[in-house]
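Have a look at the structure below before the remarks.
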Amino acid sequence: MADDGDQLDRGDVESQKSEKMFSLKKWNAVAMWSWDVECDTCAICRVQVMDACLRCQAESKQDSRYGRQDCVVVWGECNHSFHYCCMSLWVKQNNRCPLCQQEWSIQRMGK
């Protein structure tokens, strides 16, 4: 008798397998990431830190034959990030972070 029950269950399973509701044709995985910074906008020029600052954008439009210039990002000891171009001009007038007013010292530079 156990055989009869097993055969009925198997028949039900096989009939359910042939009646698919849908089939997956393609699947794409998407990953999101961000930099480990408190703010992703340069507080001096108000442009995204990972994009070129206004000064570099203007220079690359003016002289397009050299291609896009990389605008380097600089992080301070306070973990605030700015474009190097923007911060170098800022430091000439005030040697403090524009956001927290801590004395400015470079922790790291990079893109």
Going from [atom1] on [X] to [atom2] on [Y], what distance comes out if it is rounded to the nearest 0.5 angstrom?
X      : Y     : atom1 : atom2 : answer
Gln57  : Glu59 : CD    : CD    : 11.0 Å
Cys53  : Phe82 : SG    : CZ    : 13.5 Å
His83  : Cys56 : NE2   : SG    : 7.5 Å
Asn79  : Glu77 : CG    : CD    : 9.5 Å
Asp51  : Cys71 : CG    : SG    : 9.5 Å
Glu103 : Cys97 : CD    : SG    : 12.0 Å

Distance-minimising heavy-atom pair for [X] and [Y]:
X      : Y      : answer
Cys78  : Gln102 : CB-OE1, 2.8 Å
Arg96  : Gln101 : NH1-O, 3.1 Å
Ser81  : Val73  : CB-CG1, 4.0 Å
Cys42  : Val49  : N-CG2, 3.6 Å
Ile106 : Trp104 : CG1-NE1, 3.7 Å
Met109 : Trp75  : C-CZ3, 4.4 Å

Applying a strict under-4.5 Å side-chain criterion to I, L, V, M, F, W and Y, I'd like to know whether Leu54 and Val74 cluster together.
no
Is there a path from Val72 to Val91 through hydrophobic residues (I, L, V, M, F, W, Y) whose side chains come within less than 4.5 Å of each other?
yes
Considering only heavy atoms from C-beta outward, does the side chain of Met50 approach that of Asp40 to under 4.5 Å?
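A side-chain contact under 4.5 Å is absent here.
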